[in-house]
**Student:** 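Sending over a structure as structure tokens; questions will come in a sec.
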Amino acid sequence: MGIFSSSTSSIPEVIEIPRHIAIIMDGNGRWAKKRFLPRVAGHKVGVETIRAIVNQSIDMGVKYLTLFAFSSENWRRPPKEVSFLMGLFRVVLIKEAVKFNESNVRFVMIGDRSRFSLSVVAEIEKAERLTSSNTGLTLTIAANYGGRWDVLQAFNAMQTAHPELASQYREADLSPYFSMHYAPEPDLFIRTGGEKRISNFLLWQLAYTELYFTDTLWPDFDNSAFKLAIKSYQQRERRFGRTSEQLR
Ligand code: IPE
Ligand code: IPE
Ligand code: MG
């Protein structure tokens, strides 16, 4: 059993401040292009935005923040951009892990690690180990992550563990094997950069998440932009299949 209830098996509690926010940080390349800078300059500035949003999440009392940093399809980008992103990932991990730890942040990385270099994997594991007993914000970075990959790896792991249940699997049998088994489903999903799609992010977990799309490019996504997203979330009526009348 997962520790958190599922939005389809039972009705989650609705609270003012989202417990879990999941973000597709999009628009770094366009931000740079507008300034006649190389795309990678946008990724660099995007790291500053991550810092600010992490701190604001801590201040607001958000418990889980999940950031999509690199999708399983981003390997299709020019090799130069991919290797820049890998290098940036490693440097940021080294630099930020100590700071995360000082802020009581628990760091977790989800995604298929098998394609990362040994030095990147080593830094991921180091940061996870260092912060594993922290009790503040859980910051999850999704890297080489794909929602379909996650569903399939969960299913395969479940089947290996419980072959005797074949053809009788229920949702509760599967939930402990998802990459994000340690977190409740996201209350709020944010995508910056103007696109209105999920791009293979958390497919299973977004079943009843409130979706928020903004044209603001990720490097421009500041504290007030983040507050607007939270405000929009607070105005939603989360019915989970019921009628408005039933909520009163
Ligand atoms: C998001 O910004 C960051 C990553 C995918 C790593 P993009 O690089 O996708 O920026 P745009 O969408 O091209 O502007
Ligand atoms: C989604 O952004 C992935 C990340 C932000 C890491 P993309 O820029 O890769 O998405 P598409 O290709 O526009 O759907
Ligand atoms: Mg993009």
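All ligand and atom numbering here is 1-based and tracks the order in the structure. We're numbering straight along the sequence, starting at 1.
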**Student:** Would you say the side chains of Y182 and T140 form a donor-acceptor pair under 3.5 Å?
**Tutor:**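 Their side chains do contain a donor-acceptor pair, which is all the 3.5 Å distance test asks for.
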**Student:** I need the contact type for A69 against ligand 2. Using non-hydrogen atoms and a strict under-4.0 Å cut-off, is it side chain, backbone, both or neither?
**Tutor:**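 Just the backbone.
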**Student:** How close does the nearest protein non-hydrogen atom get to atom 1 (C) of ligand 1, and which residue and atom is it?
**Tutor:**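 Nearest neighbour among protein heavy atoms for atom 1 (C) of ligand 1, to 0.1 Å: M25 O, 3.0 Å.
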**Student:** Has ligand 1 got any nitrogen or oxygen that is less than 3.5 angstrom from a nitrogen or oxygen of D26?
**Tutor:**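 Right, the criterion is met.
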**Student:** Just to confirm my output: which protein heavy-atom neighbour is closest to atom 9 (O) of ligand 2, and how far is it?
**Tutor:**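 In this structure, atom 9 (O) of ligand 2 has N74 ND2, 2.9 Å as its nearest protein heavy atom.
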**Student:** Taking only heavy atoms of F70 into account, list the atoms of ligand 2 that are under 4.0 Å away from them.
**Tutor:**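 By the 4.0 Å cutoff, the relevant atoms are 6 (C).
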**Student:** Who's the nearest protein heavy-atom neighbour of atom 14 (O) of ligand 2, and how far?
**Tutor:**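 Result for atom 14 (O) of ligand 2: S199 OG, 2.6 Å.
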**Student:** Return the option from R30, R197, R191 holding the heavy atom at the smallest distance from atom 2 (O) of ligand 2.
**Tutor:**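 When every heavy atom of R30, R197, R191 is considered, R191 comes closest to atom 2 (O) of ligand 2.
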**Student:** Could you pull out the atom name of the N/O/S atom in D26 that is nearest the Mg ion (ligand 3)?
**Tutor:**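 This residue's closest N, O or S atom turns out to be OD1.
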**Student:** Check ligand 2 against I24 and write out every atom of the ligand that is under 4.0 Å from a heavy-atom position of the residue.
**Tutor:**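 Numbered from 1, ligand 2 contributes 1 (C), 5 (C).
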**Student:** Determine the sole option in N101, T138, T135, N134 for which the side chain to side chain donor-acceptor pair (under 3.5 Å) test with R106 is passed.
**Tutor:**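 In the set N101, T138, T135, N134, the residue that makes a side chain to side chain donor-acceptor pair (under 3.5 Å) with R106 is T138.
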**Student:** So, is R77 polar-close to ligand 2, with some N/O to N/O distance under 3.5 Å?
**Tutor:**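 Yes: some nitrogen or oxygen of R77 is under 3.5 Å from one in ligand 2.
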